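The chains referred to below are lettered A, B, ... by the order of the sequence lines, with proteins before strands, and numbering in each begins at 1. On a predicted model such as this, the values are computed, not experimentally measured, just so you know.
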Amino acid sequence: MSDAESRLDGSEVTVEVLTWVNRLVGGSGSGSVAFREALEPDDSVESLLRRFSQHHPALHAQLWERDGAITENLHVLVNHKMIGDTHTLRSRLAPGDTVSLLGQFSGG
Amino acid sequence: MLVTEKKRNQPAGYAGALLRVDLTTGRLWEQPIDDEFARSYVGGTGMGARILYDEVGADVQWNDPENRLILATGPLAGTPTWGSGGLSVVTKGAITGGATSTQANGFFGANIKSSGFDGIVFQGRSDQWVYLYIHNGTAELRDASHLLGLDTWETQDHLYEELGLSGHQLSVYSIGPSGENLIRFAGIQGDYGHVASKNGCGAVMGSKRVKAVAIVRGNRGIYVADPRGVFRTADDIAYQMRTELPGQNFYLIGTLGGVTGLAPVGGLPIKNLTTNILPAEADMSKWEPMELREGFDHRGHQCNACGMHHCHMQVIRDGVHAGDVVDEPEYEGWVGAGWAWGCTDRTKVSWMNTQCDRAGVDVNEFGWVIGWVMECYEKEYLTRQDLGGIQAVWGDADAAYELLQMLCTRQGFGDVLAEGIKRAAEHLGGPAQDCAVYTMKGSSPRGHDHRALWPEMLDTCVSSTGTLESGGPTRPQELGLPATLQVQSPDDVPRQVALTLGRRHFEDSIGTCFFTTSTTIAAIAEAVSAVTGWNYTKDDAMYLGRRTAALMRAFNLRSGIGPELERPSARYGSTPVDGPAAGVSTAPHWDHMLDTWYELVEYDRESGRPLPELLDRLALPEVKAELWG
């Protein structure tokens with residue numbers, strides 16, 4: 001459990017930004033950078049990420065397409081499962097959940 | 001050198017001729033490329049597909065003299081566009097017995113074009129081992145008996161010395177011992193670390209007794225239609241690569257992000273897909289991209305005109321191979337030369353990756369073969385005696401290297417392994433066969449665990465090229481797809497694979513590297529327009545790519561490869577037992593995904609044939625006549 005997770009109160013989730021993506025939130029571009037984020041009523045994965053990215057302009061610029069969709073360049077995971085497995089972007093989050101952002105990778 | 005004046009009747013952007021080589025008779029001649037052929041098939045894979053379809057009949061086997069081996073580049077080769085040394089290899093491959101499209105870079109494309117050719121078409125079989133020497137519009141077959149047994153790097157070293165040239169002055173693509181011994185997953189390696197590795201194209205080259213192709217960087221200028229436009233579009237693409245995802249990531253670190261990027265989603269293959277739990281001994285902080293790069297003394301090893309921080313050379317710092325120069329593995333090298341069989345020692349993996357390149361084998365297939373052997377050894381399906389005394393325990397790099405030597409020389413059980421993972425597994429049969437990772441067409445996946453990444457599993461299985469045919473979803477919105485595609489959705493996955501079909505074929509036809517064109521198709525098409533003077537649009541690019549796909553599909557059907565083979569092996573299609581993708585499976589959705597894919601690509605679900613209406617739109621009446629009467 002990360003420091004951020006260990007300090008969660010009853011209405012927070014963890015947003016972790018992994019590998020090169022965390023350069024966009026002030027990280028080194030490797031490992032994990034974790035944030036606590038307060039849940040609001042009826043928060044979905046998508047609404048939480050919209051609010052979160054407002055605080056991180058570089059991430060915000062890369063995360064959202066012009067049509068409002070999440071970019072194809074990142075994977076979103078909830079509780080370490082890819083979107084589409086246990087959650088969709090519209091799924092409600094529960095206190096203690098972990099939302100992860102990870103760079104898409106193919107080829108090579 | 002770009003020129004603004006035509007020196008002969010050649011289409012802009014092209015040298016204007018293919019070099020034809022009949023190895024049986026020793027005859028070499030020029031086949032002119034006219035505007036119609038260039039515009040219809042572009043270059044590289046597109047031209048190769050057309051020649052393969054036209055000239056290789058149903059009864060020709062991969063190792064028959066009548067097979068063709070096409071090494072070609074495209075209109076952007078030799079221009080300022082990044083990565084413009086592109087090589088596409090097209091042939092009837094040794095693994096699937098069907099069409100092959102596999103790429104490498106370095107300086108092949110730039111050198112051959114400046115020497116007066118857009119590609120080489122080999123046919124026949126030489127009595128003696130030869131290499132092809134090309135220099136400023138001249139070409140000759142030379143004795144290669146002194147090169148036999150040399151690995152690919154030694155071959156290049158030897159030809160540098162023999163010809164008195166080095167570096168960018170001479171591009172050398174050769175086969176190693178694996179190609180000489182017709183190992184079914186032998187590739188063609190060039191310019192120290194670039195490998196056209198798929199579908200046994202190196203075995204085809206070996207069957208023709210061609211050890212190498214050596215191309216001097218000539219002094220012939222490349223006539224382009226719009227020189228200012230060529231520089232502008234090259235700069236535009238470079239700017240997009242530097243500043244926008246997904247290209248920016250490749251620009252900064254190449255493919256080094258793969259290991260740490262794929263592990264959290266269950267996409268990193270570990271120990272022959274037996275687990276997705278990272279081993280305790282693996283310090284993942286050492287696998288972060290910059291840690292991988294800085295963990296070795298390194299320097300850039302860029303391809304023609306490339307500004308990416310992608311290809312690098314390394315020096316091994318410690319251990320028994322300290323001081324050895326190796327090429328920095330691509331992501332798939334880190335997997336095939338290590339993770340796939342349980343080795344997570346960076347130094348050992350890096351060294352092993354280069355040994356695969358030097359031997360001339362496809363590192364992906366190597367990884368699946370060694371992983372399978374080690375699993376079979378653990379489960380006692382294979383014994384030490386079977387393996388000639390080798391104790392093939394998980395992660396043992398020394399054992400893996402011994403197995404590499406054994407299979408490259410076809411000694412003992414190496415003769416079975418040399419046939420590739422599918423045939424080796426079928427040879428043993430029973431529960432051992434169930435452990436092997438392959439498609440029923442015979443190919444094996446690239447170094448990803450596709451059980452978490454369904455688009456690549458579907459793509460690998462339906463492909464007509466011996467490897468991924470559609471590739472990753474670069475800028476999917478440009479093709480009418482949503483930005484957010486779920487990679488474990490039975491509805492999204494076939495849409496993604498189907499609607500991106502053609503893009504990769506176009507990229508592989510223009511003479512560049514697809515990593516350097518990880519931007520919009522519109523931008524790529526604009527660059528091709530500036531070179532050729534023809535107004536290519538995004539839709540034109542996709543149309544031409546789909547035409548190539550249809551030709552390859554028709555060729556495979558002619559070769560007896562149809563929809564009945566479009567599924568993964570038991571292990572490849574299995575359900576992950578642990579890790580991030582535990583419990584998810586393509587199996588319940590496979591038929592649905594195939595149904596959707598077939599509908600969207602407009603191929604007949606039952607027979608696999610491109611539908612007549614599609615072939616009409618693609619202006620392929622002869623293919624329609626062959627397939628539909």
Side-chain angles (χ1 to χ4, degrees), chain A residues 2 14-24 27-34 44-46 49-50 58-91 98-108, chain B residues 244-246 248-250 252-262 264-267 284-285 287-291 310 330-335 446-448 452-453 455-456 468 471-477 481-489 492 496 514-515 518 579-584:
Chain A
S2 69
T14 300
V15 179
E16 63 170 2
V17 188
L18 299 166
T19 64
W20 61 266
V21 187
N22 68 41
R23 285 199 309 268
L24 306 174
S28 66
S30 67
S32 170
V33 176
S44 66
V45 178
E46 182 171 349
L49 286 174
R50 287 196 185 281
L59 174 68
H60 191 79
Q62 297 281 10
L63 184 58
W64 305 103
E65 298 291 338
R66 290 191 193 117
D67 63 2
I70 286 182
T71 177
E72 83 272 17
N73 300 309
L74 301 180
H75 282 309
V76 179
L77 290 76
V78 180
N79 299 332
H80 312 293
K81 293 284 189 181
M82 291 173 83
I83 281 292
D85 188 351
T86 57
H87 288 68
T88 70
L89 288 171
R90 290 180 294 280
S91 297
T98 297
V99 178
S100 308
L101 294 175
L102 175 68
Q104 170 83 261
F105 185 86
S106 66
Chain B
E244 299 175 13
L245 293 172
Q248 185 187 45
N249 202 37
F250 292 129
L252 290 171
I253 55 173
T255 61
L256 292 178
V259 172
T260 53
L262 287 166
V265 300
M284 293 307 287
S285 69
W287 288 88
E288 294 289 351
M290 290 316 291
E291 285 289 323
H310 178 201
E330 298 279 350
Y331 159 71
E332 291 174 3
W334 292 112
V335 170
R446 306 185 75 115
H448 304 239
L453 305 164
E456 296 196 5
L468 295 172
T474 307
R475 309 286 183 115
Q477 307 95 307
L481 286 159
T484 311
L485 289 158
Q486 296 182 12
V487 296
Q488 292 166 1
S489 158
D492 279 5
Q496 175 190 317
F514 85 88
F515 285 118
S518 296
V584 303

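Using a 4.5 Å heavy-atom threshold, the side chains of A/L102 and B/V265 count as touching. Counting only heavy atoms from C-beta outward, the side chains of B/Q248 and A/N73 never approach each other to under 4.5 Å.
Contacts of A/I70 with chain B are made by both backbone and side-chain atoms, with heavy-atom separations under 4.5 Å. Contacts of B/A582 with chain A are made by both backbone and side-chain atoms, with heavy-atom separations under 4.5 Å. Neither the backbone nor the side chain of B/E291 comes within contact range of chain A, judged by heavy atoms closer than 4.5 Å. For chain B, the nearby part of A/L77 is the side chain; its heavy atoms alone come within less than 4.5 Å. If you measure heavy-atom distances from B/L256 to chain A, you find no contacts under 4.5 Å at all. Contacts between B/P482 and chain A at a heavy-atom distance below 4.5 Å are absent for every atom of the residue. Residue contact with chain A, scored on non-hydrogen atoms closer than 4.5 Å, involves the side chain of B/V487 exclusively. With a threshold of 4.5 angstrom between heavy atoms, B/L245 approaches chain A through its backbone and through its side chain.
Minimum heavy-atom separation, A/E65 to B/A483: CG-CB, 3.5 Å. Contact record, A/H80 with B/P580: O-CB, 3.7 Å, taken as the closest heavy-atom pair.
The line from CE of B/M284 to OG1 of A/T19 is 10.5 Å long, rounded to the nearest 0.5 Å. Note that the CG atom of A/L89 and the CD atom of B/Q486 stand 7.0 Å from one another [nearest 0.5 Å]. Atom OG of A/S28 sits about 7.0 Å away from atom CD of B/E288, to the nearest 0.5 Å.
Residue A/W20 forms a side-chain contact (heavy atoms from CB on, under 4.5 Å) with just one option from B/T260, B/N249, B/L252, and that option is B/N249.
Top candidate by heavy-atom pairs under 4.5 Å with chain B, chosen from A/Q104, A/M82, A/R23, is A/M82.
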